[in-house]
2 protein chains.
Amino acid sequence: MHRLVSPTRAHRVILRLRRCTGSFVAGACFALSLNISHAASTATMPETPAVASSALSNVPAARVLPAWQNGAARDALLAFVADVTREGSPDYVAPEARIAVFDNDGTLWSEAPLPFQIAFMIDQLKAHASEHPEWADNPAFKALLAHDRAAMAQHKKALLDLLSAANSGMTTDEYDASIQKWLANSRHPTLDRPYTELVYQPQLELLDYLRAHGFTIWIVSGGTSEFMRVWTERAYGIAPDHIVGTQEKLRYEVRDGRSVLVREPGFDFFDDGAGKPVGIFRAIGRRPILAFGNSDGDREMLEYTTSGPGKTLALLVHHDDGAREFAYDKDSEFARLDKALDEAATRGWIVVSMKRDWKTIYPAQKADGTR
Amino acid sequence: MHRLVSPTRAHRVILRLRRCTGSFVAGACFALSLNISHAASTATMPETPAVASSALSNVPAARVLPAWQNGAARDALLAFVADVTREGSPDYVAPEARIAVFDNDGTLWSEAPLPFQIAFMIDQLKAHASEHPEWADNPAFKALLAHDRAAMAQHKKALLDLLSAANSGMTTDEYDASIQKWLANSRHPTLDRPYTELVYQPQLELLDYLRAHGFTIWIVSGGTSEFMRVWTERAYGIAPDHIVGTQEKLRYEVRDGRSVLVREPGFDFFDDGAGKPVGIFRAIGRRPILAFGNSDGDREMLEYTTSGPGKTLALLVHHDDGAREFAYDKDSEFARLDKALDEAATRGWIVVSMKRDWKTIYPAQKADGTR
């Protein structure tokens, strides 16, 4: 059965940690927001027919983007792809310039009640606690273990330092292995599925559709490339070298005659807000023609994309479906959609309503509970 | 006529500028070396038969790597590619993991008498002089204009600041246009050919050969991605998104309603030495299996590559051909090959002698002087 849940907000802990990087990219700040939910109530929804994107290849006459409702958003996507791929069209774009950039958290997969990478980092902190007896007396650590909201809010900075420390010191190979292990053994607290199953079915179809029309897809996300790389190829068909993300500090070292990269506490580059166009320029070297995001952290990426010459398209996922997923926008602590929503209206960006535009949210589960 | 020259060292100005980035990557330093030659004497060499790589496709039975002499270096390349591509071989590597990384300056094209990007930056400085009347009194600028070696050596830091200032302030689009214009209108001071013709014919053949065997090629260079991107696709067939380089500071800005990236003085990341494995990890996300460099700045990249599991290959171009190109290694001020040369002997890295292993250095010129 396809169980979808609506989280209660009653027991949610909001913890917002903000860092600015004055010395790196002017004006680029990184908001590490923890929104820790202890929601336990679930609401079972009726089953929704879901179409796996892989099934399309055997059905030549199938309606494209089947999980997308008829409407302005789907129409805009189809029209845009037709315009830029039709030879002789004034809007024609050569295949090598058909660059599409997608935010990840909240755009390609869910991000509530807290971004999944933060959930992983908290679990790493707990897993490494036995190696750090000194943490026992750390008020931030005690607050986290006790789910003491007030105390956690009081010790934000100490908690961020702890998370950073617990997620450093190891080699990148060791860290990759711990991410893989965590993903294999963890389930979303309320949706009760492995995190990598909480990808959006309509977006999987869109990625396939764009690729079939000669587009190259990049993820441009506030999460770290390292966290995404271990699963994005399997989940989205996006290779490790097509991910632009926040960059952790790394130290080159030779251990027992073998070269390794060791994770250091802290970050060198925050791929969020005004950092996203910078990350795009550095990694891709071309201005995208399509950008898809879901929060104010994507605003500059959409502006940069739509400032290019020729036809462009910008879209925002609007999380307005509290019944099937989560509902949040202007007041969200972890992924605010406020200024970008206002800008969408004046700039002709397409706002995709999860409630109205998407027939299904997640891929169907198999009878045995797997996809 | 194919004219090759041997520069005299008599009038060379050595200017070495060094910056360390303590706050960025631990231990990563950037040596911006200026080695300004006023060599005027040229030596005409006999014409050398050159084979353009594009000619290979129509000659099915042609000897592969025709510009490479028979010998240990060519044998090692052919054996390595055969081993990792033969299905069933214990050394077989799947195509997606066939990552080859090449340094650029001195490995894919010449870098003497000074790295070509530095020549460009100096020309930018001169071109912008009229907008900066205050430079007239700057002793570093006066020394540069007067070719006053002693004064330039005395004002290294001021000269670096000037170069940085003269190469910032504009948008990335404007800067790209100035690079293209410079490349189209500049010639090497002694070899008297456009810079983009000073690519190595044996390496063009090797890139083609590796691609034909399923390898993906990346440039990993101490130069900036931005400087390389505008010409590497035409010169090497390497796309803008397959270049890992030093990263200039960038500022996101909206000008007249249009998003641009503005160049700021200074750099955020130095892709040299211990920075190269970091750059590789961040951009590619996989450990390469083949690495080709030519100086101590490539040492950690070669170590990192050969520390991977399975069969790997590391190579160094040895600039030992003062007659056809330039001769330098342990005493070079701009691209020292010292520690890496010693390490090659103990680690089994292949040292490619330009004199012994390469039949030709540059692609043949056409009768009208173009390629």
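Residue numbering restarts at 1 for every chain, and letters A, B, ... go by the order of the sequence lines. The basis for the numbers below is simple: all heavy atoms, side chains too, and nothing from hydrogens, waters or symmetry mates.
- Counting only distance, with no hydrogens or angles, the side chain of R282(A) and the backbone of E248(B) share a donor-acceptor pair below 3.5 Å.
- Chain A forms the most heavy-atom pairs under 4.5 Å with one residue out of S259(B), G245(B), P240(B), and that residue is S259(B).
- Interface remark: V254(B) contributes side-chain atoms only to the contact with chain A (heavy atom separation under 4.5 Å).
- With rounding to the nearest 0.5 Å, the separation of CD1 in I284(B) from NE2 in H242(A) is 12.0 Å.
- Using a 4.5 Å cut-off between heavy atoms, R258(B) touches chain A through backbone and side chain atoms alike.
- In this structure, no portion of R255(B) lies under 4.5 Å from any heavy atom of chain A.
- For the pair R263(A) and F281(B), the cation-pi criterion (under 6.0 Å, within 45° of the ring axis) is not fulfilled.
- At a heavy-atom cut-off of under 4.5 Å, chain B is reached by E300(A), E303(A), Y304(A), S307(A) from residues 292-308 of chain A, listed in order of number.
- Among residues two or more places apart in sequence or in another chain, the ring pair (Phe, Tyr, Trp, His ring centres under 6.0 Å) test is passed with F80(B) by none.
- To the nearest 0.5 Å, atom CG of residue D268(A) and atom CG of residue D268(B) are 9.0 Å apart.
- Between R287(A) and D173(B), some side-chain heavy-atom pair lies under the 4.5 Å cut-off.
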